[in-house]
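Note sheet for the following structure.
Whatever order the structure lists ligands and atoms in, that order sets their numbers, starting from 1. Here the structure is a predicted model, which means the values were calculated and not measured.
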Amino acid sequence: MFNKLLIANRGEIAIRIMRACRELEISSVAVYSEADTQALFSQYADEAYLIGPPAAGASYLNIQKILEVARETGADAIHPGYGFLAENPNFASACEREGIKFIGPSSEVIQLLGDKVTARRELEKAGIPVVPGTDECVTEFEQARTMANEIGYPVIIKPSGGGGGIGMSIVRDDDELRDALEYSQAIASTTFGLPDVYIEKYLENPRHIEIQIMGDSKGYVIHLGERECSIQRRHQKLIEEAPSPAVSSELRKEIGEIAANAARWVGYEGAGTVEFLFSNGKFYFLEVNARVQVEHPATEMVTGIDIVKEQIRVAAGLPLSIKQEEVRMNGWAIECRINAEDPLNDFVPTPGKIKDYRSPGGIGIRVDSGVYANYTIPPFYDSMVSKLIVWGKDRNEAVSRMRRALYEFVITGVKNNIPFHKAVMENPRFIAGELGTHFIESETSLMDDMKQLMAREKQLGEKVLGIVNEKKKIAAIAAVSAYARKMA
Ligand code: MV4
């Protein structure tokens, strides 16, 4: 096992990884930017080193600087978390050259999966159902027109270097095709450095369902079932759950085995996610995320498996601690991403100083967070401050528990999306498990429901907070918000 692990990340995921290190008795090294001197993760680590200015390019993406800290501290492994360098094949290969274990798949596998056209073609060979579409890049308009007509409109043009929705365009007929192709190619060039795009059949309101997989260094691969991540806004996931209301145990076994086969086919080591669109009872492969994901705790809650510890184990050459037959799905988990953003102003980020902060507790609650009371959220990174994950014996219990926990969660000083989550937890279609990737736009009353809920809380809060003393403030805010719900 490793002696010392460097965490090349920040915020809640850095703490999540360090917690695994503590339990495994591995010492942890944090690297942080000038904007993160007061961050919780840089305090939690056994050792912490300043690596540069706030801009990620000069700090969290600075490969040479991070490797220098690893060398000087004698770290024998690096965990990249998610985002930043997590899926950068150059970083993985630089670690490999330095003799420092990169916790994740090999640089070759990251490279292969990062190119979406190659990944599609390769995994189709492994028997994965892919969305009908092109198996090579499209460059010319005439070529695109021929292919779009073969596939049949509507189609979607996607950058090969991307993922996550950037530069995608939906095309409904030949007339729209030329501009859409140029648009996607232009965004692909500027964002991913190459103009390569491909075309797929566009599915109208699919569910986004993904399978958690784990592979060890000997080629043994298991799956940990699915998560449903259909509730997203501008390609940002907001709510995830495990399992999916749309997946039976037979279907889980079938698609889980398909995802594990895909991972085996490419020689996948570590934790990863195989993403699918699910439409009319059929799964269509989208892409593989070659990292631990933000929403991994939902799977941890229903399987009892510590995914990060397993990542570290397999990186150290040990076998996975569970066999596929031993994986059991128990109950239901839901995760809400709590972001510092203004739900009344197009969800723009609201960095700044948190005044009061109290996270919920009690049975079935997990909070992964990197913030605390009086902490100032820097403006340089993403706006997620906490993940609230609940477990229940079934979906109904998980939804009730999430509602209860959201009403206990107190964050003042910065606007945040807790009211949005409260509104979703009251939404009849959400409660019925009727989800799709266009859920938020298609639930036309959702934003008004949220506004009403916020207005009620504000009105009651003004009445009550004027008469309570400082010590009672947090309790009063929580009580007011819970009372406001009962009055609805
Ligand atoms: C699709 C799709 C429909 N059909 N692919 C968006 C994020 C990325 N992971 C994949 N995405 C999609 N891919 C096919 N073949 C629908 C989405 C999608 C979407 C696309 C454009 C604009 C908004 C969207 C919101 C959710 C999902």
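Figure legend: cation-pi geometry between Lys116 and Tyr198 absent, as NZ or CZ is not positioned both under 6.0 Å from the six-membered ring centre and within 45° of its axis. Both the sub-6.0 Å distance and the 45° axial angle are satisfied by Arg178 relative to the ring of Phe141.
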Please tabulate, one line per pair, the protein N or O atoms found under 3.5 Å from any N or O atom of ligand 1, giving the distance to one decimal.
residue  : atom   : partner : partner atom : Å
ligand 1 : 4 (N)  : Leu203  : N            : 2.9
ligand 1 : 5 (N)  : Lys158  : NZ           : 2.9
ligand 1 : 13 (N) : Lys158  : NZ           : 3.1
ligand 1 : 15 (N) : Glu200  : OE1          : 2.9
ligand 1 : 15 (N) : Lys201  : O            : 2.8

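For Glu257, the side-chain hydrogen bond (donor to acceptor under 3.5 Å, both in side chains) criterion is met by Lys253, not counting sequence neighbours. A search for ring pair (Phe, Tyr, Trp, His ring centres under 6.0 Å) contacts involving Tyr268 returns nothing, not counting sequence neighbours.
With Val221 as reference, Arg264 is the one residue of Glu269, Gln324, Arg264 to meet the side chain to side chain contact (heavy atoms under 4.5 Å, CB included) rule.
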Let me have the donor-acceptor pairs involving side chains of residues 274-285, under 3.5 Å, with sequence neighbours excluded, atom names and distances please.
none

